[in-house]
Amino acid sequence: MASWQLVLSAKFEQEGDVCVAWCPELDVASQGSNEADALEMLNDAVSLFLATCHEMGTLNEVLVDCGLVPLKLHAEPAESAISVPIDLVVHRVAEAAPG
């Protein structure tokens, strides 16, 4: 299993009793009762979005379209950033025996 981490920014806006968290790089948003809750929900939303892109075979295209490029290993994330762990599992399909 390959595992990688994507560091994205998070912006917050209070709308009444709800805090909205938005990841501008992917244009994905979520909400919670406070910033911590909204950030947790945003991490979930981004993870699901990226997993769906991977399942559909469009992950690379989506990342390139968003202008995302790899950073140096061990780069320190910005203060207002979300760090989304993504586990990608690649299954090898057994070839059918001739016959």
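Since we're looking at a predicted model, the values are computed, not measured. This chain uses plain numbering: 1 for the first residue, then up along the sequence.
Among residues two or more places apart in sequence or in another chain, the side chain to side chain contact (heavy atoms under 4.5 Å, CB included) test is passed with T58 by C53, M56, V62. Not counting sequence neighbours, the partners of D27 by the side-chain hydrogen bond (donor to acceptor under 3.5 Å, both in side chains) test are W22. Residues forming a side chain to side chain contact (heavy atoms under 4.5 Å, CB included) with D37 (at least two apart in sequence, or on another chain): S33, N34, M41. Applying the side-chain hydrogen bond (donor to acceptor under 3.5 Å, both in side chains) test to Q31 and every residue at least two apart in sequence or in another chain returns nothing. By the side chain to side chain contact (heavy atoms under 4.5 Å, CB included) test, E35 is found to be paired with F12, C19, residues two or more places apart in sequence or in another chain being considered. In this structure, E55 has no side chain to side chain contact (heavy atoms under 4.5 Å, CB included) partners at least two apart in sequence or on a different chain.
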For this session: Check the pair L63 / L50 against side-chain contact (heavy atoms from CB on, under 4.5 Å), numbers first and verdict last.
Result: CA-CA 9 Å; L63 295 177; L50 293 173; 4.2 Å; yes

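Side-chain atoms of S9 and P24, non-hydrogen and from C-beta on, do get closer than 4.5 Å to each other.
Under the 4.5 Å side-chain heavy-atom criterion for Ile, Leu, Val, Met, Phe, Trp and Tyr, F49 and L59 are members of the same hydrophobic cluster.
A pairwise comparison of heavy atoms in A45 and A29 identifies CB-O, 4.4 Å as the closest pair. A pairwise comparison of heavy atoms in A21 and L39 identifies CB-N, 4.3 Å as the closest pair.
Rounded to the nearest 0.5 Å, atoms CG (L26) and CG (D65) are 11.0 Å apart.
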